[in-house]
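Here is the structure we will look at, set down as structure tokens.
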Amino acid sequence: MPRSSRSARTARTTGSDGPARRRLPALAALAAATALAAGAAAPAYAAEPAPVAPVVEGTAAFHPDRDFAGSTVAAHEGRGTAAPLASLAATQTPGLDVASYQGNVGWSSVAADGAKFAYVKATEGTGYTNPYFAQQYNGSYNAGLIRGAYHFALPNASSGATQAAYFVGHGGGWSADGRTLPPALDIEYNPYGATCYGLSQSAMVGWIRDFSTAVHTRTGRYPTIYTTTNWWTQCTGNYGGFGTTNPLWIARYASTVGTLPNGWGYQTFWQFADSGTFPGDQDYFNGAADRLRALALG
């Protein structure tokens with residue numbers, strides 16, 4: 001797929017009248033992730049790190065329009081070469097994910113270009129809802145795509161259960177119509193400071209578990225988890241306990257998926273580039289279109 005730097009764009013390609021958003025500038029890629037920890041249980045830690053004060057939602061320092069699935073990934077992990085994607089065993093079904101950055105999306109064109117699904121940012125923390133959510137979420141559905149909503153997590157701002165309730169109440173629901181993907185949790189590098197939001201690895205696992213359990217209780221589906229292997233290893237101790245319940249949406253901007261986080265034998269979704277054929281980020285569902293519909297149906 002053709003690729004271009006999203007930050008180099010001077011206008012949206014989606015037909016929005018709103019102001020263009022710019023990505024955070026890319027930094028040098030971090031060193032390779034630490035060795036993967038064996039086993040599924042989260043380790044115990046003798047000391048908790050000092051707490052990190054969360055950015056107050058609604059203040060000038062709060063920038064949710066610049067936060068979206070992958071907004072921190074390239075800065076921390078870089079981008080691979082533009083080599084063709086490696087051949088994968090299963091058929092890959094193309095899709096995309098969008099947020100307020102894309103504004104009003106031309107969904108008929110997206111569908112004509114071959115996209116079969118879309119994830120749409122709905123919320124962040126408990127103080128933000130995507131102002132373009134209705135156009136993006138309903139518009140993708142009306143164009144024939146299978147769509148789902150995702151939540152950008154701020155684990156040091158409030159509990160997992162609190163943010164799950166806010167998410168489900170503001171677009172993060174699910175219905176067994178075969179056209180709605182499981183709600184998704186975007187858990188990645190902190191755009192406001194400390195990488196792991198000041199939480200210990202065990203506390204982070206607990207936060208994700210609380211979010212996941214609350215979403216399941218409210219919707220009947222465990223949320224898809226969006227993350228990177230590097231972040232997951234650093235911030236959860238490479239915990240392996242979610243692989244049997246939560247689909248994995250892995251972010252890696254390269255020609256291969258690479259090593260997956262502990263507990264998952266395969267990815268369900270792969271965000272492989274932050275620009276390309278479709279508006280927003282470029283994704284693959286790891287399977288044919290009929291398996292995507294089966295995932296949506298539950």
Side-chain angles (χ1 to χ4, degrees), residues 14 16 18 21 57-58 62-71 95-107 110 115-155 157-188 191 208 210-227 246-247 249 268-269 271 278-281 283 285 292 295-298:
T14 58
S16 169
R21 302 291 185 189
E57 295 171 316
F62 188 49
H63 50 64
D65 285 337
R66 302 208 314 260
D67 306 334
F68 42 84
S71 58
L96 66 156
D97 61 269
V98 295
S100 63
Y101 180 93
Q102 281 71 45
N104 292 317
V105 174
W107 289 108
V110 170
K116 302 301 182 185
F117 70 90
Y119 261 116
V120 178
K121 180 179 178 180
T123 52
E124 179 171 335
T126 58
Y128 172 81
T129 57
N130 173 7
Y132 295 96
F133 180 76
Q135 193 278 341
Q136 295 173 347
Y137 190 74
N138 297 331
S140 56
Y141 180 93
N142 292 336
L145 278 67
I146 297 175
R147 49 63 161 129
Y150 77 84
H151 173 78
F152 193 97
L154 297 177
S158 52
S159 71
T162 296
Q163 291 190 35
Y166 185 78
F167 172 46
V168 174
H170 294 83
W174 175 78
S175 58
D177 57 5
R179 300 280 305 280
T180 306
L181 293 169
L185 170 66
D186 176 1
I187 187 85
E188 58 180 279
I208 296 169
D210 287 348
F211 183 95
S212 177
T213 299
V215 168
H216 181 261
T217 298
R218 290 171 178 270
T219 69
R221 298 298 300 269
Y222 285 103
T224 297
I225 294 177
Y226 170 97
T227 194
N246 301 72
W249 182 6
T268 299
F269 297 98
Q271 186 190 75
F278 309 124
D281 302 304
D283 299 280
F285 168 75
L292 179 67
L295 173 67
L297 190 58

Check for a donor-acceptor pair, side chain of [X] on one end and backbone N or O of [Y] on the other, with a separation under 3.5 Å.
{"X": "S100", "Y": "P131", "value": "no"}
{"X": "Q135", "Y": "V105", "value": "yes"}
{"X": "W174", "Y": "A296", "value": "yes"}

Distance check, rounded to the nearest 0.5 Å: [X] atom [atom1] versus [Y] atom [atom2]?
{"X": "I225", "Y": "F211", "atom1": "CD1", "atom2": "CZ", "answer": "9.5 Å"}
{"X": "L295", "Y": "F285", "atom1": "CG", "atom2": "CZ", "answer": "5.5 Å"}
{"X": "Q271", "Y": "D281", "atom1": "CD", "atom2": "CG", "answer": "4.0 Å"}

Return the minimal non-hydrogen interatomic distance between [X] and [Y], and the atom names on each side.
{"X": "V98", "Y": "P279", "result": "CG1-O, 4.0 Å"}
{"X": "L181", "Y": "A118", "result": "CD1-O, 4.3 Å"}
{"X": "A149", "Y": "A122", "result": "CB-CB, 4.1 Å"}
{"X": "I187", "Y": "P155", "result": "CD1-CG, 3.6 Å"}
{"X": "A214", "Y": "A164", "result": "CB-CB, 3.6 Å"}

Quick one: does [X]'s side chain get under 4.5 Å of [Y]'s, heavy atoms only?
{"X": "P183", "Y": "V168", "value": "no"}
{"X": "F62", "Y": "L154", "value": "yes"}
{"X": "V120", "Y": "D97", "value": "no"}
{"X": "Y166", "Y": "T129", "value": "yes"}

For the residue pair S212 and N246, confirm or rule out a side-chain donor-acceptor distance under 3.5 Å.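 Yes, because at least one side-chain N or O of S212 sits under 3.5 Å from a partner of the opposite role on N246.
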If you look only at pairs with a residue in residues 116-141, which of them pass as a salt bridge (Lys or Arg N to Asp or Glu O under 4.0 Å), with sequence neighbours excluded?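 Sorted pair list: K121-E124.
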Fit a plane to each ring of W249 and Y226, take the angle between them on a 0 to 90° scale, and name the class: parallel (under 30°), tilted (30 to 60°) or perpendicular (over 60°).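 Ring orientation, 0 to 90° scale: perpendicular.
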Going by the side-chain hydrogen bond (donor to acceptor under 3.5 Å, both in side chains) test, which pairs reach into residues 213-225, not counting sequence neighbours?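 The answer is Y119-T224.
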Between Y150 and F167 (judged by ring centroids, cut-off 6.0 Å), do the two rings come close enough to count as a pair?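 No, ring centres 6.0 Å or more apart.
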Would Y128 and D67 count as a side-chain hydrogen bond (donor to acceptor under 3.5 Å, both in side chains) here? Give the steps. CA-CA 11 Å; Y128 172 81; D67 306 334; over 6 Å; no
Listed partners of [X] passing side-chain hydrogen bond (donor to acceptor under 3.5 Å, both in side chains), at least two apart:
{"X": "T268", "answer": "none"}
{"X": "D186", "answer": "none"}
{"X": "W107", "answer": "none"}
{"X": "Q163", "answer": "H151, S158"}

Kindly write out the residues that satisfy ring-ring contact (aromatic ring centres under 6.0 Å, His included) with F152, not counting sequence neighbours, or none if the list is empty.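 F152 satisfies ring-ring contact (aromatic ring centres under 6.0 Å, His included) with no residue once adjacent residues are dropped.
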Passing option when I146 is tested against L292, L297, D177, T180 for side-chain contact (heavy atoms from CB on, under 4.5 Å):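 Going through the options one by one, the only one that passes is L292.
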May I have the list of side-chain donor-acceptor pairs in residues 138-145 shorter than 3.5 Å, sequence neighbours left out?
unit_1: N138; atom_1: ND2; unit_2: A134; atom_2: O; d: 3.4
unit_1: S140; atom_1: OG; unit_2: Q136; atom_2: O; d: 2.8
unit_1: S140; atom_1: OG; unit_2: Y137; atom_2: O; d: 2.9
unit_1: N142; atom_1: ND2; unit_2: N138; atom_2: O; d: 3.2

